[in-house]
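Whatever order the structure lists ligands and atoms in, that order sets their numbers, starting from 1. Given the structure is predicted, the values throughout are model-derived calculations rather than measurements.
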Amino acid sequence: MTEKDFIPKPYTKTLENGSFTWSSPSNIALVKYWGKREHQIPENPSVSFTLDHCKTITTLSFSKKESNAAFSFDVFLDGEQKDDFKPKIETFFKRIESYLPFLSEYHFKIETSNTFPHSSGIASSASGMSALALCLMSVEKELIGTISEVYFIQKASFLARLGSGSACRSLEGDLIVWGIHDEIDGSSDLYGVKYPYDVHQNFKNYQDTILLVDKGEKQVSSTVGHNLMFGHPFAQQRFEQAHENLSKLKAIFKEGNLDEFIKIVESEALTLHAMMMTSMPYFILMKPNTLEIINKIWAYRSETNSKVCFTLDAGANVHVLYPENEKDNVLKFIESELVVYCQNGHYISDQIGFGAKLIVNNL
Ligand code: DP6
């Protein structure tokens, strides 16, 4: 598939108004996407677990308008009009207009809400952009008449990527790869694909408890963050390392070797932060409590036979990952030793999920 394959033929159906509601989850990367080229093309492949409880629910209502001159839309978060969200969506619409030529023909009302608190420091761009892309694809599906399930999801992922790179990994589950990798058939820089090989039972229902260390606004936006990889002295080595780590994970997923899994996942998280610490300008996005938590996890692991590990996004919050059969013990450990490091004691219990869902089709 190339970009051109996502440009539709002239629509044969008409549609006056209606609405669609989709829910779409967040995801947590095991091999991180950090660094991109023009048109949201990743510098390296990444792989993520799709989450289950952390999701965005978006209703897109649309009605045909008189003039096609400009985009027309309103955005609401939890029922409140959010004009500060508009520039990001305007940019998104501009990027995808050639793939969805109906965009300027309708007025849209975008009503969105998240299952996780807005100010939790959890990025909502992955779940938010994927939910919006799916709503838009539901409109296009009606205008075309029939499209295959595969094309629908592929194009929705392609569009979501143009909104926010990691969003293209949120549509399906439970393991999604984005970015070309030699050893992963069907992998693409343009959209996420389901991980196509055997995955050991050890990874089924994997748990992710998100410790909210810092619920503030992101200190470094992802756009600024990705740009730090231009001219970064270690960029090329990092991109190669991501390829190698994904190759190693392929064997790990098959064999279920959790000790090796931990090594890759924790190293990826620390490498992401090391890239930020060694860029110009440089940033430290971990907080003292992030390090306290990491040290506690390491101590717990060496004292018990636990396979609990951590990963981080571009912020201070910690994702604690562990197999389902350790759920009771690890939750006790989190309650007794880690919750003190969370802002207001807040954390979110989540686990691997299976992707987005159409909730309402209102035509
Ligand atoms: C650290 O997908 O938020 O979470 O494409 O600029 O929207 P944009 O970036 P974004 O970057 C996420 C980076 C990461 C790692 C990852 O999810 O792979």
List, pair by pair, the atoms of ligand 1 and of the protein that are both N or O and lie under 3.5 Å apart, giving the separation rounded to 0.1 Å.
from, atom 1, to, atom 2, distance (Å)
ligand 1, 2 (O), Ser164, OG, 3.3
ligand 1, 2 (O), Ser166, N, 2.8
ligand 1, 2 (O), Ser166, OG, 2.7
ligand 1, 3 (O), Ser222, OG, 3.2
ligand 1, 4 (O), Asp313, OD1, 3.4
ligand 1, 5 (O), Tyr33, OH, 2.6
ligand 1, 5 (O), Lys36, NZ, 3.4
ligand 1, 5 (O), Gln40, NE2, 3.3
ligand 1, 5 (O), Gly165, N, 2.7
ligand 1, 6 (O), Lys36, NZ, 2.7
ligand 1, 6 (O), Ser222, OG, 3.4
ligand 1, 7 (O), Ser164, OG, 2.6
ligand 1, 9 (O), Ser222, OG, 3.3
ligand 1, 9 (O), His226, NE2, 2.9
ligand 1, 11 (O), His226, NE2, 3.0
ligand 1, 17 (O), Arg169, NH2, 2.8
ligand 1, 18 (O), Tyr33, N, 2.9
ligand 1, 18 (O), Arg169, NH1, 3.0
ligand 1, 18 (O), Arg169, NH2, 3.2

Name the orientation class of the two ring planes belonging to Tyr191 and Phe6 (parallel below 30°, tilted from 30 to 60°, perpendicular beyond 60°). perpendicular
Determine whether the aromatic ring centres of residues Phe102 and Phe62 are separated by less than 6.0 angstrom. no
Cation-pi check, Lys307 onto Phe261 ring (under 6.0 Å, within 45° of axis): no
Charged N to carboxylate O under 4.0 angstrom, Lys32 versus Asp313? yes
For Leu363, does the CG atom have more than 12 heavy-atom neighbours from other residues, nucleotides or ligands under 6.0 Å away? yes
What is the ring orientation for His181 with His243, classed by angle as parallel under 30°, tilted 30 to 60°, or perpendicular over 60°? parallel
